[in-house]
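This is a predicted model, so every value here is computed, not measured. Residue numbers start from 1 in every chain, and the chains themselves are labelled A, B, ... in the order their sequence lines are given, proteins ahead of strands.
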Amino acid sequence: MHHEWVSLIVCATARPFFSVENRVSWYIIMTEQLPSYLDVLNDEQRRAVLHTGNPLLILAGAGSGKTRVITTKIAWLIREQGVDPRSILAVTFTNKAAREMAERARLIDERASNAMLRTFHSFGAWFLRRNGAAGGLSSNFVIYDDDDSLALLAAILEGEPRAELRSIANSIARAKDYFLSPDDPEIDLIDPRAKFRTAYAQYEERLNRIGNVDFGDLIKKPVEILRGVPEVARRFRERFRVIMVDEYQDANIAQSQLLSELYSPGAYLCVVGDDDQSIYSFRGAEVQNILDFPETFANSDIVRLERNYRSTAPILRAAASVVDHNTGRLGKTLRAERGDGKMPVLAFLPDQDEEAAFCAELIGTGTAGKNARAVPYSDWAIVYRTNAQSLGFETEFLRRKIPYRVVGSLKFYEREEVKDTLALLSFLVNPRDEVAFRRMVNKPSRGVGPATVSRIIEKAMSLKLSVNFDTQPHSAQGANLALTAQSMRHELSSKAGAGIAAFLKAVEAGRAMLAEDSADNDEHEGEEKPASRKPPKSVSGLRSGEGLSACVVALAEESGIAEYHLTNDEISGNQRLANLQEVANAASLYAASQDGLLEFLEHIELDRSMGENAADDNNAVTLITLHNTKGLEFRRVIMTGIEQGIFPRDDKHDEDLEEERRLFYVGATRAMDELYLTSCAERRMYGRTSPMEPSVFLREIDRDTLRIVGNAPYGFAAGFSATHSANTDGAYTQRRGEQLQRGYSPNGYPQNKASSDGRWSLGDKVYHDDNGYGYIQQIRESADGPVVKVRFESGQEKQFLSHHQSSHYTKIRED
DNA sequence: TAGTTTTAAGTTTTT
DNA sequence: CTTAAAACTA
C-alpha cells in the first residue's frame, strides 16, 4: 500500500518538477523509497552522470536538467565511486548557482557539503588567500571593485578625462580576461593604443605595491602562481581529482587556463554548457572554449541533452525561431517534453506607461479566469534589457500595490556612505591601500588637501624603493601609509597635521575593536572580548551588536562619517544612517578580528546580492534584466521593450547581434507556461520621447507561434501572411513601399498626412535656425498634440511638438 | 579651499 | 531625466 503511494507519486512526477519545493520532496521520496536516485534521469542524463574516464563535454540545452545532472553526478561520485568529497571542485559563474548546486547535491548526499562548490572568483580568492605569497601577495589583500580600479587609474593618470579613464580601465579588465600582461605582444588586440599599454603597466605596478587585487587578478594571478610554482601546482592537482564547470560557454580565456592548470591526466573533467546561451562575450567569454573542448582535451566524450522539460512547445518554437537566424552555432533541436500549450502573445503598445499598465493588468487579473488571484505574484517575471527600464514598472506596481522585487540592481554597496565605511575597513586591514586612503583621509574635511595627500603618497613610494626594494625584491610591497603619514606630521602645516592625526585616531579606534588572530586558525565563534574593547558611546545613534559590528560602528563614529552624512543631507540623512546600520548588522555575523574583517570584505566584494535570496519565498513579481535570468525559470514571463535600439541596441552588428539573439533565446526559454512580448511605439529616454521601431527579432520570430494584440504596426497586423522573411531584401523593400502608400510611418506605425492643427503637412520643406533645411518625414498625434519629425539635409532627424517649438521652424514654400 | 551652482554627458549587459 | 564633472563665489 505504501509502495503504491510511492509509485503514484513517481507516476505523477514522470515529468520532472522544477520548482524548488517540489524538487525537495521529490528527491526525499526517491532516495528513501526507490532503488536509485538515478531512476529519475532520462537516458542521456544518466549517461552523463555515469560517465567516467575521459574528459566530458555535456551540451545541455535550456531546461534540459543540467543542474540536476551535475548535482546527481557529484553525489554519485561520492556514493558509488568512493570519491572523497574534498577532492571535488565544481565551479559556477554566479553565487546563486553555486548555492543552488551545493544545496541540491547535499539533498542527495550529505557528504557533498564537503566538496568545493564555488564561483570562479570565489575560488580564486580562496586560492590567493592561501597561496598568494608565492606570487608576492600577502594574505591580507582586499578585492577592488571596478570603481576602486577606476579611482586608482585616475590617480595614476592625473588630469585624464573621465571617459578616457573608463575606456582604459575597461581595456585592462579585458586584457586580464584574456590572460594578457602589459608586455604581451598580443596586448594590441585588446587595445592598440600605446597609452593603454603604459597605463596598464603602471596600474599593475601600483596595484602590486598596494597589495590588493582586482576582479581579473582573482583568475589571472592563480594561473601565474600555478605555472610559476610547481610545488603549488602539484599540491592542487593532487587534491582535485574531479573538476566540474557549469555554464562553460561563459568561461573566458583566463578561466579556461585556470582549469587547464588544475587539471592533470588521471583527474576527471566535466564541463556543461550551451553555445546558444553564451551572452557574456562583452566580458571576455569565449564560446570558442566550448567549441574547442574536444581538441584541447584529447579523447573527450560528448553527451547532448536535448529534451526540454521546462517550456511548452509554442514557447520553445518561438525562442528557437529567433536563434535559428544565427550562423556559427553547434546547432541542436530541443524537444518539448511538456507538449503543447498556450501561444506566446506579442503586444504592441503606445508607450512605456501603457506597457507597465499592460503588465500590471496581466498580473493583477491573472489568466486563470474569474478567480483573480489564483496565480501567485511569484509566478511572474518582468524581463528587460537594461536596468534603467525597471523604474517604470516599479512606480506602476507601487501605485497598484503589486508586490515586486528587483533582482540585481541593488546598488546598496555603491552608495557613498557605504563605500566610505568599507574604504575605512579596507584601510584598517591593509594600510597600504592608496585608494581607500585618498578617499577617506580628508572626509569629512580635515584640512588635508590634494597637495598634502600627494606628498604623503609620494613619500611612501620613495620609502618603498629605498627600504623594501632591496631587501624584498620579490614581494614588491609598498609602504604603510598610516605610518608614513604619522612620521611626516612635523613637516606638514599644523592644520594638515591635525587632520592626519584625527584620521589616524579614527583608524586606531577601529583597530582597537579587533582581537589578535591566533595564528592561522579558523575564527573562533563567541570568543569573549577583552575588557579594554568597549564600544564607544554613540553620537549618531548607530548601535553595535555582535562581533565585527562594534568595529564598524566605532569607525563610522570616530571618523565622523556617520555625523557627516547625517547632517550633510537633511532629506536622506536618516536613510544614509540606516544604511550604515545595515552594514554594521551584516558585520555582526563575522568575528571581531583581522580574519573576520577580511572575510566580511571578501564576502561583500564577491556577493552583492545581500538579502535577495531571503525574498525567495515572498510572493512577489520579479523584475530582472535578461542577463540576470540565466539559470532561472518562471511560470510566466513578460519580455518588455522589444524595440529596435533597446533590444537589440542599434550599434549591434554581426557577432554582437548574434549575442543579442542568444539573449532573446535565454529570456524566452525562462518561461514555463506563458510568454508575453511587448513592444512600444514610442519611449521616453534621457527625458525625451522618441519613436521606436519593433525589434528585428519580432520580424524573425515564426509568426505561427504568436498571437498578436494591440495596435500592430504594418507587417504585424492580424491576418498578414506569416511566411515572409525580413531577411529577403526584395520582399522587405516591397513592404516598405506598400506601407508608405497605406499611410504607415517609416517605423511601421499608422501616421497622419497632416497635423491636426493644420500647421504642417507630410513632405513640407522647413528651415531650422540651427539645423538648416529639411523635409517633414512623419506626423503623428500624441497626448501633447501633433508630433512632427524632420529629416535635415545633414542626414540627422529631429522631432518637435507642433505647438511648442514651431517658432524655431519656418515652413518654406516650394513649387 | 570648501561648498555651491551650472553644464554636460550618459544607459548595456556582471563576477 | 538623472548623475557626475567643471566652474564659480564666498
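Within 4.0 Å (heavy atoms only), A:F120 reaches no atom of the nucleic acid at all. If you check every strand for non-hydrogen atoms under 4.0 Å, A:D145 touches nothing. As judged by a 4.0 angstrom heavy-atom cut-off over every strand, A:F93 is placed among residues touching the sugar-phosphate backbone only. Looking at heavy-atom distances under 4.0 Å, A:R166 makes contact with sugar-phosphate atoms alone, never a base. At the heavy-atom level, A:R649 lies under 4.0 Å from base atoms of the strands shown.
Residue side chain A:F282 meets the stacking definition with respect to B:dT13: its ring centre sits within less than 5.5 angstrom of the base's six-membered ring centre, and the planes differ by less than 30 degrees. Where stacking is scored as ring centres under 5.5 Å apart with planes under 30°, A:F215 registers as stacked on the base of B:dT15.
We find that CD1 of A:I624 is positioned 12 Å from C1' of B:dT13, with the value rounded to whole Å. Atoms CZ (A:R174) and P (B:dT14) sit 13 Å apart, rounded to a whole Å. The CE atom of A:M685 sits 18 Å away from the P atom of B:dA9 (whole-angstrom rounding). In this structure, A:L258 places its CG atom 18 Å from P of B:dT15, rounding to the nearest Å. Taking atom CG of A:D214 as the reference point, atom P of B:dT14 lies 19 Å away to the nearest angstrom. Atom CD of A:Q389 and atom C1' of B:dT13 are 11 Å apart (whole Å). Distance A:R415 CZ to C:dT2 C1': 15 Å, rounded to the nearest Å. Atom P of nucleotide B:dT14 and atom OH of A:Y144 are separated by 24 Å, given to the nearest angstrom.
Proximity of A:S445 to the phosphate of B:dT1: no side-chain N or O atom is located under 4.0 Å from OP1 or OP2. Contact annotation: A:N95 does not reach the phosphate of B:dT15 (side-chain N/O to OP1 or OP2, under 4.0 Å). For B:dT15, neither phosphate oxygen OP1 nor OP2 lies less than 4.0 angstrom from any side-chain nitrogen or oxygen of A:S122. Not one side-chain nitrogen or oxygen of A:R385 sits closer than 4.0 Å to the OP1 or OP2 atom of B:dT13. Put simply, A:N387 has a side-chain N or O that comes within less than 4.0 Å of OP1 or OP2 on B:dT13.
Counting only heavy atoms from C-beta on, A:N442 has its side chain closest to B:dA2 among B:dT15, C:dA4, B:dA2. The side chain of A:T119 sits closest to B:dT15 out of B:dT15, C:dA5, B:dT14.
Aromatic pair A:F282/A:H627: ring centres closer than 6.0 Å.
Using a 3.5 Å distance cut-off with no hydrogens or angles, the side chains of A:S171 and A:D191 do pair a donor with an acceptor. In this structure, a donor-acceptor pair under 3.5 Å is present between the side chains of A:S281 and A:E659. Under 3.5 Å, the side chains of A:Y248 and A:S256 contain no donor-acceptor pair of N or O atoms. Side chain to side chain, A:Q249 and A:D274 fail the donor-acceptor criterion of an N or O pair below 3.5 Å.
Comparing A:A388 and A:Q255, the nucleotide of DNA chain B nearest to each residue sits closer to the 5' end for A:A388. Where A:Y280 and A:A451 each meet DNA chain B at their nearest nucleotide, the meeting point lying more 5' is that of A:A451.
In this structure the side chain of A:E643 reaches within 4.5 angstrom of the side chain of A:C680, judged on heavy atoms.
Base pairing annotation: C:dT3 forms a Watson-Crick or G-U wobble pair with B:dA8, both donor-acceptor distances under 3.5 Å. Across every strand in view, B:dT13 sits unpaired, with no contact that passes the Watson-Crick or G-U test at under 3.5 angstrom.
Note: A:K221 NZ to A:L258 CG = 14.0 Å, rounded to the nearest 0.5 Å.
Contact of A:K652 with B:dT12 (side chain to base): a donor-acceptor pair of N or O atoms is detected under 3.5 Å.
Using atom P as the reference point in both B:dT12 and C:dA5, the two lie 16 Å apart (nearest Å).
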